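All figures in this text were calculated on a predicted structure; none of them were measured in a lab.
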Number of protein chains: 2
Amino acid sequence: MKKETSSNSLNEQFLFQSCELNSALKVISGRWKAQIVYSIWSGNDRFSLLKQELSAISEQVLSRQLKELETQAILVKIPIPETVPAGISYRLTSKGIELVPILQALCNWGKQYPEENCIPLSACVTG
Amino acid sequence: MKKETSSNSLNEQFLFQSCELNSALKVISGRWKAQIVYSIWSGNDRFSLLKQELSAISEQVLSRQLKELETQAILVKIPIPETVPAGISYRLTSKGIELVPILQALCNWGKQYPEENCIPLSACVTG
DNA sequence: CATCTTACTCACAATTTTGAGCGTTATTGA
DNA sequence: TCAATAACGCTCAAAATTGTGAGTAAGATG
């Protein structure tokens, strides 16, 4: 539970009001978020596909991250009819899609100034 | 202290190895980091100027963030000679400078899909 | 000598984020 | 009836990040 009156929270709000940059960063800086967005963009639109791609993630954590991305309108959940059990397709919104080139830019920036080796996923931004 | 063998840490490493995107995000997603980079870029190259700009930050926290950005080679500290007490000028490296357009893109993205009001700092990315 | 300033360091506490375990719904098929 | 699958919800604990308080150096100034 977030304490709205903590220094931590007030500082966060200060930054949010300073520039949209900070709230934008908050949206995508969660542990698996950027990779999930990229993975969906590259075609992994089902829960099970994402789970496969992000092999180290647990179902519960994936579920939570997807829910948060949905709350922030980065993606939408679309029930797939006539499937059993009922499946859900994850689709990026225009907000989510416009994020992708920025993530690619970040990826390239990271590659230009590397600190560690990089073993790309199939969904890796430049893979 | 970081526990190198925690699930948390292992998952982080998994993402770092998946794509540079994730390590790049880690570098700039700290509480004040992006705003500090932008603020230095726009001319606030002294500790006291940054403190003034980011009015809610404490000296201790500012110092720590600057040190981390220095460790990640986003900026360098240049002692200013013939000042008393000895001042330090903060300068972005090329790595830091190349980050700026990405931060601007993020800021614009945030503005295009706003969730809250935005009262720009003088250093705000599009201000 | 006491004090001010700049730019910090260090240890510790508060807060937030992330992960783990367990349970749920709904439907199909053996 | 039992198992299996998709996609979660809930609660709690572990870990990480962020903030606080106190203190430091070195030269200038009163």
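- Open room surrounds CD on A:Gln52; 12 or fewer heavy atoms of other groups in view lie less than 6.0 Å from it.
- Note: CG (A:Leu62) to P (D:dT5) measures 17 Å, nearest angstrom.
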A:Val37 and A:Trp32: CA distance, side-chain angles, deciding distance, side chain to side chain contact (heavy atoms under 4.5 Å, CB included) verdict: CA-CA 9 Å; A:Val37 168; A:Trp32 305 86; over 6 Å; no
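- Shown here are the side chain to side chain donor-acceptor pair (under 3.5 Å) partners of B:Arg46, two or more places apart in sequence or in another chain: there are none.
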Distance-only criterion, 3.5 Å: show the donor-acceptor pairs between side-chain atoms of residues 54-67 of chain B and protein atoms not counting sequence neighbours.
unit_1: B:Ser58; atom_1: OG; unit_2: B:Gln60; atom_2: OE1; d: 3.4
unit_1: B:Ser58; atom_1: OG; unit_2: B:Val61; atom_2: N; d: 3.2
unit_1: B:Glu59; atom_1: OE2; unit_2: B:Lys51; atom_2: NZ; d: 2.6

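- Here D:dT18 presents its P atom at 16 Å from NZ of B:Lys67, a figure rounded to the nearest Å.
- Put simply, A:Ser48 has no side-chain N or O that comes within less than 4.0 Å of OP1 or OP2 on D:dT5.
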Check nucleotides 18-25 of chain C against the protein and report each pair of N or O atoms closer than 3.5 Å, with its distance, or say if there are none.
unit_1: C:dT18; atom_1: OP1; unit_2: A:Arg31; atom_2: N; d: 3.0
unit_1: C:dG19; atom_1: OP1; unit_2: A:Arg31; atom_2: NH1; d: 3.3
unit_1: C:dG19; atom_1: OP1; unit_2: B:Asn11; atom_2: ND2; d: 2.6
unit_1: C:dG19; atom_1: OP2; unit_2: A:Trp32; atom_2: NE1; d: 2.9
unit_1: C:dG19; atom_1: N7; unit_2: A:Arg64; atom_2: NH1; d: 3.1
unit_1: C:dG19; atom_1: N7; unit_2: A:Arg64; atom_2: NH2; d: 3.0
unit_1: C:dG19; atom_1: O6; unit_2: A:Arg64; atom_2: NH2; d: 3.1
unit_1: C:dA20; atom_1: OP1; unit_2: B:Ser7; atom_2: OG; d: 2.8
unit_1: C:dA20; atom_1: N6; unit_2: A:Arg64; atom_2: NH2; d: 3.4
unit_1: C:dC22; atom_1: N4; unit_2: A:Gln60; atom_2: NE2; d: 2.6

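- Counting non-hydrogen atoms under 4.0 angstrom, A:Lys51 reaches nothing in the nucleic acid.
- By the side chain to side chain contact (heavy atoms under 4.5 Å, CB included) test, B:Gln112 pairs with A:Glu98, sequence neighbours left out.
- Across the protein-nucleic acid pair, A:Leu10 atom CG and C:dT16 atom C1' stand 14 Å apart, rounded to whole Å.
- Atom pair B:Phe47:CZ and D:dT24:C1' shows a separation of 14 Å (rounding to whole Å applied).
- Straight-line distance from the CD1 atom of A:Ile80 to the C1' atom of C:dA26: 16 Å, rounded to whole Å.
- Taking A:Asn11 as the reference, nothing meets the side chain to side chain donor-acceptor pair (under 3.5 Å) condition, with sequence neighbours excluded.
- As rounded to whole Å, 12 Å separates atom P of D:dA16 from atom CZ of B:Phe16.
- With hydrophobic clusters built from ILVMFWY side chains whose heavy atoms lie under 4.5 angstrom apart, B:Leu75 shares a cluster with B:Ile97.
- When every heavy atom of B:Lys33 is checked against every heavy atom of B:Val27, the shortest pair comes out as CD-O, 3.5 Å.
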Pair assignment for DNA chain D - dot-bracket with | for other-strand partners, Watson-Crick or G-U under 3.5 Å: ||||||||||||||||||||||||||||||
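- OP1 or OP2 of D:dA16 sits under 4.0 Å from a side-chain N or O of B:Ser6.
- Where B:Lys77 and A:Lys26 each meet DNA chain C at their nearest nucleotide, the meeting point lying more 5' is that of B:Lys77.
- Distance, B:Leu66 CG to D:dG19 P: 14 Å, rounded to whole Å.
- Between the side chain of A:Asn44 and the main chain of A:Ile40, no donor-acceptor pair closer than 3.5 Å is present.
- The CD-C1' distance, from A:Gln13 to D:dT18, rounds to 15 Å in whole Å.
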